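Bear in mind that the values here come from a model prediction, so they are computed numbers and not experimental data.
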Amino acid sequence: MRPFRRPWLWLSLWLLLFVLVAVGSLMSPDDLPPVDISGFDKVQHFVGYALLSAGAVSLFVRMRTQALMALVIIAFGIGVEFAQASMTTDRMGDAADALANAVGVLAGLLLSATPAALWLQRLDARLP
């Protein structure tokens with residue numbers, strides 16, 4: 001992990017993001033706000049998984065660990081799609097959603113080569 005003053009906090013928030021993505025993905029569409037934009041769900045998948053991946057880049061310093069976490073997040077996204085197909089009656093697994101998830105993960109991983117990879121460390125250092 002990167003050197004943080006509060007590593008437990010940032011790791012906990014990152015894991016909470018996984019829970020929120022899973023819950024949001026398995027909730028009934030009737031319980032979610034309606035969106036009338038065609039294909040917007042793919043944008044949601046992309047952004048959600050890009051954030052998960054960016055979290056990994058922000059938490060872990062080594063590229064090898066970041067790549068491993070990217071694979072874990074992609075597997076998580078595929079697992080969520082299978083869960084939608086098998087555990088819900090009003091959701092269905094979608095290969096296009098899994099692809100949007102994976103592309104989002106790769107986009108988040110690209111932050112590793114930018115100064116944005118250090119934003120969480122900077123925030124951690126500024127907090128009292």
Review point. Is there a path of hydrophobic side-chain contacts, each under 4.5 Å between heavy atoms of I, L, V, M, F, W or Y residues, that connects Leu51 with Val57?
Key: no
Check your understanding: For the hydrophobic clusters of this structure (ILVMFWY residues joined by side-chain heavy atoms under 4.5 Å, transitively), does one cluster hold both Phe60 and Phe18?
Key -> yes
Exercise for review: Can you spot which of Val103, Asp97, Val80, Leu106 makes a side-chain contact (heavy atoms from CB on, under 4.5 Å) with Tyr49?
Suggested key: Val80
Practice item. Find out whether Phe4 and Leu9 are in side-chain contact, i.e. whether some heavy atom of one side chain is under 4.5 Å from a heavy atom of the other. Key: no
Point to revise | Cluster check Leu109, Val47: I/L/V/M/F/W/Y, side chain < 4.5 angstrom | key: no
**Study point:** Side chains of Val105 and Leu52 in contact at under 4.5 Å (non-hydrogen atoms)
**Key:** no
Review point. What is the distance from atom CG of Leu118 to atom CG of Leu123, rounded to the nearest 0.5 Å?
Key: 12.5 Å
Exercise for review: Side-chain contact test, heavy atoms from C-beta onward, threshold under 4.5 Å: evaluate it for Ile74 versus Asn101 and give yes or no.
Suggested key: no
Check your understanding: Between Ala56 and Trp14, which heavy-atom pair has the shortest distance, and what is it?
Key -> N-NE1, 3.5 Å
Review point. Heavy-atom distance under 4.5 Å between the side chains of Arg91 and Leu26, does that happen here?
Key: no
Review point. Are Leu71 and Met1 co-members of a hydrophobic cluster defined by side-chain heavy atoms under 4.5 Å apart?
Key: no
Check your understanding: Is there side-chain contact between Leu111 and Trp119, with heavy atoms separated by less than 4.5 Å?
Key -> no
**Study point:** Neighbour count above 12 (heavy atom, 6.0 Å) for Arg5 CZ
**Key:** yes
Check your understanding: Would you say Val23 and Met92 are hydrophobically clustered, going by side-chain heavy atoms of ILVMFWY under 4.5 Å?
Key -> no
Revision key, fill the gap. Heavy-atom nearest pair, Arg122 first then Pro115, reads NH1-O, 3.5 Å
Practice item. For residues Gly108 and Ser53, report the shortest heavy-atom separation together with the two atoms involved. Key: C-OG, 3.4 Å
Review point. Taking side chain as C-beta onward, heavy atoms only, is Leu120 less than 4.5 Å from Arg2?
Key: no
Practice item. Kindly indicate whether the side chain of Gln84, heavy atoms from C-beta on, has any atom under 4.5 Å from the side chain of Asp94. Key: no
Practice item. Compare all side-chain heavy atoms of Asp41 with those of Gln44 and state whether any distance is below 4.5 angstrom. Key: yes
Check your understanding: Rounded to the nearest 0.5 Å, what separation is found between the CG atom of Asp90 and the CE atom of Met27?
Key -> 10.5 Å
